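Residue numbers start from 1 in every chain, and the chains themselves are labelled A, B, ... in the order their sequence lines are given, proteins ahead of strands. Values in this document were obtained by computation on a predicted structure and should not be read as measured data.
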Number of protein chains: 2
Amino acid sequence: MTERAKIGFQDVRDVVLERIQNRVWSQGDLLPTEQELAEEFGCARATVNRALRELADRGIIDRKRKSGTRVAVSPVKQAKLEIVLTRQLVEDRNANYRYALVERKEETAPGWLASQLDLPMGAKVLHLRAMHYADNQPFQYEDRWINIAAVPKVVDADFTTVGPNEWLLGEVPFSNAELTFAAVPADDELSDYLACAKATPLFQMERTTWFRSQPVTFVRMSFHPGYQMRSQY
Amino acid sequence: MTERAKIGFQDVRDVVLERIQNRVWSQGDLLPTEQELAEEFGCARATVNRALRELADRGIIDRKRKSGTRVAVSPVKQAKLEIVLTRQLVEDRNANYRYALVERKEETAPGWLASQLDLPMGAKVLHLRAMHYADNQPFQYEDRWINIAAVPKVVDADFTTVGPNEWLLGEVPFSNAELTFAAVPADDELSDYLACAKATPLFQMERTTWFRSQPVTFVRMSFHPGYQMRSQY
DNA sequence: TAGTGGTCTAGACCACTCT
DNA sequence: GAGTGGTCTAGACCACTAC
């Protein structure tokens, strides 16, 4: 029997990728059409289509109607960054997680926040400050503002036992966000809460969250000295 | 005419997502089967399948054979991080890009590097140090080691005009990598090259790259003070 | 206008896994 | 064993775009 097991889209995808890596098709080269590849692999065009679609999603190839499929000239590397709860970050390190609310205050959005979240003048926000500990060592300082108009129920949440992130995940689970990452020097307050010298470099992540184009929350998370964020592609 | 335009997988995907956001189906709830949804939307099961597959890829729903499809309980947020060339980072800011090689030296891999890259004892590496400028302001300091065994041609590249990142992208375009991000204090050398005070917090990205399980390069990129990395989901 | 990818269909069989 | 998603097929029509 010269019969092979049936060709699946993963087989096609892997063979095409291998040929690209082996320079059978170099950067900028035109690949055969879906029809031709389908004939070569002895499968349906839909199978080839799915294989190539996955490679296109990964940025390996560029596809255009009429022009055909080309090997990407400068492949865009996309790293996937998993954004997880602080609790999970801590527990993944086999450390004991502890959360503590530092301050809870309803206030009028200051100008910079109204601008950041695109809030109307005088919008009410809930300002929360909290600490996250790993084995009772400072892990992260959280400074957060929540748009009360977007999540009215927030005024009834007390946040003494459940952190705002986990609470919001239950209320507004499927939101969009913009993230920024930076290195900042510890100010008086951060050095105090994170138990480090003033001006110590800290890794800081800011996140602005929307739900259906409505601003929900802005949070600034400052990690303990030495924290590393990891990712891969 | 009560006829609607034909239902596409994007329509199905968007309607299902909307229902999840509206809590028509709450976290942990079982969705109708593909067959039932196909009947509701008046389309083929394959169309529903593709719609749900996309939502599953995004982490919005969990799918299991026999059990069915459920709304994800704790949706994993995956931010996409575009890793681009330093040149592009600079030019995206409408700044003039300039590259300068600082040092180029063939050497035996030091212990920490051999460990990091999983190199054999005594492996030869090319050590490069370089600067990237935006409008002649220091933008990024690059400290890089390349595994000569993985890319023998590297010994013939001079790197005085083309940066190692761009050169490697041409030689080993489709590689895998692990990234770490951290905030570090500027040491004597960094403060010198980046024109900042010693101990200034700097955003630092380290990347280890493999091609077909073979280690290719390790690079440490230190950005100018105040640099922010952005992402979204 | 013609070529190429994008998508849909209706049906089929398979693979996993819950009961 | 049976229900559900995973995938493939063969064909069809559509949408974009280079020519």
> Does W112(A) have R220(A) sitting over its ring (NZ/CZ under 6.0 Å from centre, angle to axis within 45°)?
yes
> Please work out if R50(A) contacts a base, only the sugar-phosphate, or nothing of the nucleic acid, heavy-atom cut-off 4.0 Å.
sugar-phosphate
> Starting at CD of E39(B) and ending at C1' of dT9(C), how long is that distance when rounded to a whole Å?
15 Å
> Can you tell me the distance, in whole Å, between the CZ atom of F41(B) and the P atom of dT7(C)?
18 Å
> For DNA chain D, which residues of residues 53-67 of chain B approach it to below 4.0 angstrom with any heavy atom?
R63(B), K64(B), R65(B), K66(B)
> What integer distance in Å separates E34(A):CD from dT7(C):C1'?
11 Å
> Check for me whether R87(B) meets the cation-pi criterion with Y97(B), that is, NZ or CZ under 6.0 Å from the six-membered ring centre and within 45 degrees of the ring axis.
no
> Would you say the side chain of R45(A) and the base of dT7(C) hold a donor-acceptor pair, judged only by whether the two atoms sit under 3.5 Å apart?
yes
> I want to check one thing: is the phosphate of dT9(C), taken as OP1 and OP2, less than 4.0 Å away from some side-chain N or O of T47(B)?
yes
> For D11(A) and dT9(D), give me the distance from atom CG to atom P, rounded to whole Å.
11 Å
> Y227(A) and ring-ring contact (aromatic ring centres under 6.0 Å, His included): which partner among F181(A), Y141(A), F203(A)?
F203(A)
> Counting only N and O atoms by type, is there a donor-acceptor contact under 3.5 Å from the side chain of N22(B) to the main-chain atoms of R19(B)?
no
> Without decimals, in angstroms, what is the distance between I7(B) CD1 and dA10(C) P?
14 Å
> DNA chain D: A46(A) or P32(B), which has the more 5' nearest nucleotide?
P32(B)
> Under 4.0 Å between any heavy atoms, over every strand shown, what does Q10(B) touch: base, sugar-phosphate, or nothing? Just pick one.
sugar-phosphate
> Check the distance between dT9(D)'s P and N49(B)'s CG and give it to me in whole angstrom.
15 Å
> When you match L31(A) and F9(B) each to their closest nucleotide on DNA chain C, which lands nearer the 5' end?
L31(A)
> Taking the six-membered ring for Trp, are the ring centroids of F139(B) and H132(B) within less than 6.0 Å of each other?
no
> Taking the ring centre of each residue, are F218(B) and W210(B) less than 6.0 Å apart?
no
> I need the CZ-P distance between R13(B) and dC8(C), as an integer number of Å.
10 Å
> Using atom CZ of R70(B) as one end and atom C1' of dG5(D) as the other, report the distance to the nearest whole Å.
14 Å
> Show which side-chain atoms of residues 54-64 of chain A pair as donor or acceptor with protein atoms under 3.5 Å away, not counting sequence neighbours.
| unit_1 | atom_1 | unit_2 | atom_2 | d |
| --- | --- | --- | --- | --- |
| E54(A) | OE1 | R13(A) | NH1 | 2.7 |
| R63(A) | NE | T69(A) | OG1 | 3.2 |
| R63(A) | NH1 | E34(A) | OE2 | 3.2 |
| R63(A) | NH2 | E34(A) | OE2 | 2.7 |
| R63(A) | NH2 | T69(A) | OG1 | 3.4 |

